[in-house]
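FYI, side chains are in, hydrogens and waters are out, and symmetry mates aren't considered; it's all heavy atoms of this structure.
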Amino acid sequence: MAQSDFLYPENPKRRQEVNRLHQELLDCLSDSFHATNKLIGVLNTHLGCTLPSIEMKRDGTIKENCDIIIQAMMNIQKELQKVDEALKDKLEPTLYRKLQDIKERETEKIAIVQKVISVILGEATSAASAVAVKLVGSNVTTGIINKLVTVLAQIGASLLGSIGVAVLGLGIDMIIRAILGAVEKTQLQAAIKSYEKHLVEFKSASEKYHHAITEVTNTVKHQVK
């Protein structure tokens with residue numbers, strides 16, 4: 001038992017809590033890598049993009065891994081912006097406005113995109129049209145991805161950002177040293193609060209992101225049947 005544990009008997013429990021929260025954060029990061037690669041696969045397959053897949057940097061810090069996802073999302077948004085600009089250029093203004101109208105039926109939007117998708121991509125598949133409708137100019141790009149990018153940037157800039165991803169294999173005492181650095185172990189509660197705050201925001205943004213990607217992949221599956 002550490003000497004400070006005699007003065008702060010709750011520290012052992014807090015160490016365990018920091019360890020658990022650290023694992024939850026890494027799980028969320030890992031899930032975001034997986035979901036982003038699924039989205040990249042859909043874009044490359046159906047919208048003719050050439051985006052590279054991303055991989056978690058096991059010997060890197062939390063910030064470095066957040067930055068990898070952020071960069072991938074920025075690249076995704078650039079590709080979607082290109083498709084959006086092409087649709088705006090090729091469609092009549094009234095038809096383009098219908099794509100932005102949340103009240104318009106999705107089947108109608110797909111039919112609209114189908115009119116020009118072959119000119120833009122060189123193919124005219126319903127799956128490509130469905131992906132464009134689901135992603136271009138939708139809440140996925142304007143809200144969900146932007147929110148997740150913001151949360152990841154906040155995590156990277158916090159005291160958690162400099163923590164190594166691989167510290168979990170080092171044992172709890174080593175994890176605490178890696179997490180707190182020069183911070184006294186008596187401030188474990190502050191570390192716990194930081195984890196909890198960022199996890200709530202990360203989980204919320206991540207769940208919406210994963211749900212949106214699942215909707216896109218399910219739509220593609222339905223279109224190619």
Side-chain angles (χ1 to χ4, degrees), residues 27-54 68-153 200-225:
D27 288 344
C28 282
L29 267 178
S30 180
D31 288 346
S32 291
F33 270 88
H34 178 68
T36 301
N37 278 331
K38 281 179 67 176
L39 180 55
I40 287 171
V42 169
L43 295 177
N44 288 348
T45 301
H46 299 287
L47 293 187
C49 301
T50 56
L51 295 165
S53 60
I54 56 175
I68 290 171
I69 300 173
I70 289 171
Q71 185 59 55
M73 289 181 170
M74 290 174 65
N75 291 338
I76 287 168
Q77 287 178 310
K78 286 178 183 177
E79 292 298 324
L80 293 176
Q81 182 64 32
K82 290 178 185 177
V83 176
D84 185 34
E85 289 172 356
L87 286 172
K88 188 174 184 179
D89 180 60
K90 300 298 181 185
L91 288 170
E92 292 290 332
T94 53
L95 293 178
Y96 180 77
R97 283 196 295 271
K98 284 187 176 182
L99 293 181
Q100 316 302 315
D101 189 350
I102 60 173
K103 296 179 182 178
E104 193 72 32
R105 289 190 305 171
E106 193 169 277
T107 52
E108 293 298 323
K109 291 183 179 182
I110 291 174
I112 291 171
V113 173
Q114 192 77 18
K115 298 176 185 294
V116 295
I117 199 71
S118 61
V119 177
I120 296 171
L121 303 178
E123 61 175 327
T125 67
S126 57
S129 300
V131 170
V133 167
K134 280 288 188 182
L135 294 176
V136 176
S138 71
N139 187 46
V140 175
T141 52
T142 58
I144 294 173
I145 289 180
N146 286 342
K147 176 61 178 177
L148 188 53
V149 165
T150 299
V151 171
L152 286 168
V200 168
E201 296 174 345
F202 192 7
K203 283 182 177 179
S204 175
S206 184
E207 284 172 5
K208 290 175 182 177
Y209 177 58
H210 295 175
H211 178 71
I213 293 172
T214 299
E215 274 196 11
V216 173
T217 55
N218 287 342
T219 299
V220 169
K221 290 176 184 177
H222 176 73
Q223 293 294 330
V224 298
K225 281 183 178 179

Min side-chain heavy-atom separation K38-V216 under 4.5 Å | no

Flag for E215-H211: side-chain donor and acceptor within less than 3.5 Å | yes

E85 versus Q81, side-chain donor and acceptor atoms under 3.5 Å | yes

Examine distances only and state if a side-chain atom of N44 and a backbone atom of L51 form a donor-acceptor pair shorter than 3.5 Å.
-> yes

Can you name the residues that form a side-chain contact (heavy atoms from CB on, under 4.5 Å) with A86, not counting sequence neighbours?
-> I120

A128 to I117 - nearest heavy-atom pair and separation = CB-CG1, 4.2 Å

Which atom names give the shortest non-hydrogen contact between Q114 and S126, and what distance separates them?
-> OE1-CA, 3.5 Å

Here the pair of heavy atoms bringing V220 nearest to H46 is CG1-NE2, 3.2 Å

Which atom names give the shortest non-hydrogen contact between I70 and A153, and what distance separates them?
-> CD1-N, 3.7 Å

Taking all non-hydrogen atoms of both residues into account, name the closest pair between T219 and A130 and its distance.
-> CG2-CB, 3.5 Å

Distance-minimising heavy-atom pair for C28 and K203 | SG-CG, 3.7 Å

Say you draw a straight line from CD of E201 to OG1 of T150; how long is it, rounded to the nearest 0.5 Å?
-> 10.0 Å

Heavy-atom side-chain contact between T36 and I213 under 4.5 Å | no

Partner set under side chain to side chain donor-acceptor pair (under 3.5 Å) for N75, not counting sequence neighbours | Q71

Donor-acceptor under 3.5 Å (S204 side chain, V200 main chain) | no

Validation: residues 103-113 side-chain donor-acceptor distances under 3.5 Å, sequence neighbours left out:
unit_1: R105; atom_1: NH2; unit_2: E108; atom_2: OE2; d: 3.0
unit_1: E106; atom_1: OE1; unit_2: K134; atom_2: NZ; d: 3.2
unit_1: K109; atom_1: NZ; unit_2: L99; atom_2: O; d: 3.2
unit_1: K109; atom_1: NZ; unit_2: D101; atom_2: O; d: 2.9

Side-chain donor-acceptor contact under 3.5 Å, S206 with H210 = yes

